Colleague: 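Dumping the structure here so I can ask a few things about it.
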Amino acid sequence: MPELPDLQAFSHNLQKMLAGKTIKKVEVPNAKKLNVTTAELDEILSGQKLEKVYREGKELHIKFSKGDVLGLHLMLHGKLFLFDTKNENKYSIIELHFEDGRGLVLTDFQGIATPTLNPDKKDVPDALDVDAEYFKKRLAKTKTNIKTVLLDQKIIRGIGNAYADEILWHARISPFSVSNKIPEAKLKDLVKAIKGVLEDAEQSILKSNPDIINGEVRDFMNIHNSKKKQSPTGAAIIVNDASRKTYYTEEQELFE
DNA sequence: ACGCGTGTTACTGT
DNA sequence: GACAGTAACACGCG
């Protein structure tokens with residue numbers, strides 16, 4: 001469930017709470033897709049000091065003193081918890097035990113959240129780094145609708161279903177617009193909306209939940225919000241009937 | 001109490 | 001190959 005602003009808030013707080021701690025042991029009760037063996041992971045990380053936690057696309061990255069990085073992808077339901085001495089949370093995927101006795105656990109009842117040791121560098125830009133020029137070039141031949149593009153991690157990393165709707169409303173672009181029909185000026189609005197919506201959301205989350213490291217806060221969202229019937233400017237919010245719901249209004253221009 | 005929600009991969013079909 | 005659509009993963013939550 002967490003999207004980019006949630007992950008951004010988590011990384012901020014994990015950094016505050018965990019930087020400087022040294023790994024005593026790593027346990028991996030359930031990570032089918034981990035790219036190294038449990039023994040290798042424990043061997044490599046044990047003794048290293050946790051230096052930094054940051055977000056890359058939809059992953060959290062934990063950087064250690066010898067330069068190794070542990071990537072955590074929370075997928076739909078991954079949750080992080082801190083614990084004293086022993087993890088009591090169900091559905092544990094991976095546990096980092098620190099020398100002071102405390103620990104960090106990633107859980108996922110669905111079992112699909114994934115840790116990765118030293119994930120490959122991606123050349124796809126992060127959502128907070130794109131500019132209009134990039135979109136113009138990248139979308140020139142793309143006929144897919146713009147919402148699908150925002151969700152495509154091979155084009156732009158970090159945006160999920162809920163924030164895609166929120167961003168497109170702010171840019172006043174219909175989610176069903178054909179990507180290569182969107183005029184350049186509108187692509188500029190889109191880039192501004194991406195940064196504005198995502199950065200404002202992170203601030204809202206940290207303001208209402210200063211220590212958050214899991215879950216999600218969505219009550220401030222204006223469009224992708226089942227409790228709201230109208231946009232802030234008074235237009236009726238329309239919800240389509242697909243498996244991934246799209247929320248939008250007639251205020252958004254359709255390019256086709 | 002029961003239906004909704006979320007990311008990714010894998011697959012079919014046009 | 002581009003693009004659309006769907007299922008599966010399986011439970012917490014209101």
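If you're wondering where the values come from, they're calculated on a predicted model, not measured in any experiment. Proteins get letters first, then strands, A, B, ... in listed order; numbering begins at 1 in each.
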Colleague: Once you round it to whole Å, what is the distance between P of dG5(B) and CG of Asp6(A)?
Modeller: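 Going from Asp6(A) (CG) to dG5(B) (P), I get 16 Å.
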Colleague: Show your working on salt bridge (charged side-chain N to carboxylate O under 4.0 Å, His left out) between Asp165(A) and Lys147(A) and close with a plain yes or no.
Modeller: CA-CA 8 Å; Asp165(A) 289 349; Lys147(A) 178 167 180 184; 2.8 Å; yes
Colleague: Just the rounded figure in Å: distance from C1' of dG5(B) to NE2 of His77(A).
Modeller: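 Roughly 7 Å, once rounded to whole Å.
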Colleague: Do Ile94(A) and Leu70(A) have side chains that approach each other closer than 4.5 Å (heavy atoms only, starting at C-beta)?
Modeller: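 They are in side-chain contact.
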Colleague: How close do Lys63(A) and Val69(A) get, counting heavy atoms only, and between which atoms?
Modeller: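 Scanning both residues, the minimum pair turns out to be CG-CG2, 4.1 Å.
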Colleague: Got a salt bridge between Glu27(A) and Lys25(A), using NZ or NE/NH1/NH2 to carboxylate O under 4.0 Å?
Modeller: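 Answer for the salt bridge query: yes.
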Colleague: Specify whether His61(A) and Tyr54(A) have parallel, tilted or perpendicular ring planes, treating 30° as the upper limit for parallel and 60° as the lower limit for perpendicular.
Modeller: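 His61(A) vs Tyr54(A) ring planes: perpendicular.
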Colleague: Any donor-acceptor pair under 3.5 Å linking the side-chain atoms of Thr233(A) with those of Ser231(A)?
Modeller: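 Side-chain D/A pair, Ser231(A) to Thr233(A): present.
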Colleague: Represent DNA chain C in dot-bracket notation, 5' to 3'. Only Watson-Crick or G-U wobble pairs with both distances under 3.5 Å count; pseudoknot-style crossings use [ ] and interstrand partners use |.
Modeller: .||||||||.||||
Colleague: Between the protein and nucleotides 1-5 of chain C, list every N/O to N/O distance that falls short of 3.5 Å.
Modeller:
unit_1: dC3(C); atom_1: OP1; unit_2: Lys143(A); atom_2: N; d: 2.8
unit_1: dC3(C); atom_1: O5'; unit_2: Thr144(A); atom_2: OG1; d: 3.4

Colleague: Can a side chain N or O of Tyr91(A) be found less than 4.0 Å away from OP1 or OP2 on dG12(C)?
Modeller: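 Yes, within the criterion.
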Colleague: Which of these nucleotides, dT6(B), dC9(C), dG12(C), is closest to any side-chain atom of Ala162(A)?
Modeller: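 The answer is dT6(B).
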Colleague: Only one of Leu104(A), Val105(A), Leu106(A) passes side-chain contact (heavy atoms from CB on, under 4.5 Å) with Glu95(A); say which it is.
Modeller: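 Of the listed residues Leu104(A), Val105(A), Leu106(A), the side-chain contact (heavy atoms from CB on, under 4.5 Å) partner of Glu95(A) is Val105(A).
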Colleague: Locate the shortest heavy-atom distance separating Ile23(A) from Leu45(A); write the atom from each residue and the value.
Modeller: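 Distance-wise, the nearest heavy atoms are CB-O, 3.4 Å.
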Colleague: How do Lys227(A) and Ile112(A) order along DNA chain C: which one's closest nucleotide is nearer the 5' end?
Modeller: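 Final value for this comparison: Ile112(A).
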Colleague: From CD of Glu3(A) over to P of dG5(B), roughly how many Å is that when rounded to an integer?
Modeller: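 The answer, rounded to whole Å, is 13 Å.
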Colleague: Below 3.5 Å is the cut-off: list the nitrogen or oxygen pairs between protein and nucleotides 8-12 of chain B, distance only.
Modeller:
unit_1: dT8(B); atom_1: OP1; unit_2: His73(A); atom_2: NE2; d: 3.0
unit_1: dT8(B); atom_1: OP2; unit_2: Lys58(A); atom_2: NZ; d: 3.2

Colleague: What is the distance, to the nearest angstrom, from the CG atom on Leu74(A) to the C1' atom on dG7(B)?
Modeller: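 So the CG-C1' distance, Leu74(A) to dG7(B), works out to 11 Å.
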Colleague: Just call it for Tyr247(A): base, sugar-phosphate, or nothing, with non-hydrogen atoms closer than 4.0 Å on any strand.
Modeller: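 Touches sugar-phosphate only.
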Colleague: Any side-chain N or O of His224(A) under 4.0 Å from OP1/OP2 of dC4(B)?
Modeller: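 The answer is no; no side-chain N or O of His224(A) sits under 4.0 Å from OP1 or OP2.
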Colleague: Indicate the atoms forming the closest heavy-atom contact of Val217(A) with Tyr163(A), along with that distance.
Modeller: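 Smallest heavy-atom distance, with atoms named: O-OH, 4.3 Å.
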Colleague: Using whole Å, what does the distance between atom C1' of nucleotide dG12(C) and atom CG of Asp108(A) come to?
Modeller: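 It works out to 12 Å between those atoms.
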Colleague: Between Arg55(A) and Asp126(A), is there a salt bridge with N-O shorter than 4.0 Å?
Modeller: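 The answer is yes: the pair qualifies as a salt bridge.
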Colleague: Would you call Glu56(A)-Arg157(A) a salt bridge at under 4.0 Å N-O?
Modeller: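 Between Arg157(A) and Glu56(A) there is a salt bridge, with a charged N closer than 4.0 Å to a carboxylate O.
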Colleague: Sticking with atom P, work out how far dC2(B) lies from dC9(C), rounded to a whole angstrom.
Modeller: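 Approximately 22 Å lies between the P atom of dC2(B) and that of dC9(C).
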Colleague: Measure from CD1 on Ile93(A) to C1' on dC9(C) and round the result to the nearest Å.
Modeller: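 Checked: the CD1 to C1' distance equals 12 Å.
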Colleague: Measure the distance from CZ on Phe109(A) to P on dT6(B) and round it to the nearest whole Å.
Modeller: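 The distance from CZ of Phe109(A) to P of dT6(B) comes to 13 Å, rounded to the nearest Å.
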Colleague: Taking the same atom, P, in dA10(C) and in dA1(B), what whole-Å distance lies between them?
Modeller: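 About 25 Å, rounded to a whole number of Å.
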Colleague: How close or far is atom P of dG12(C) from atom CZ of Phe81(A), stated in whole angstroms?
Modeller: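 Atom CZ in Phe81(A) sits about 11 Å away from atom P in dG12(C).
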Colleague: Any salt bridge between Lys21(A) and Asp100(A), counting N to O under 4.0 Å?
Modeller: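 Answer for the salt bridge query: yes.
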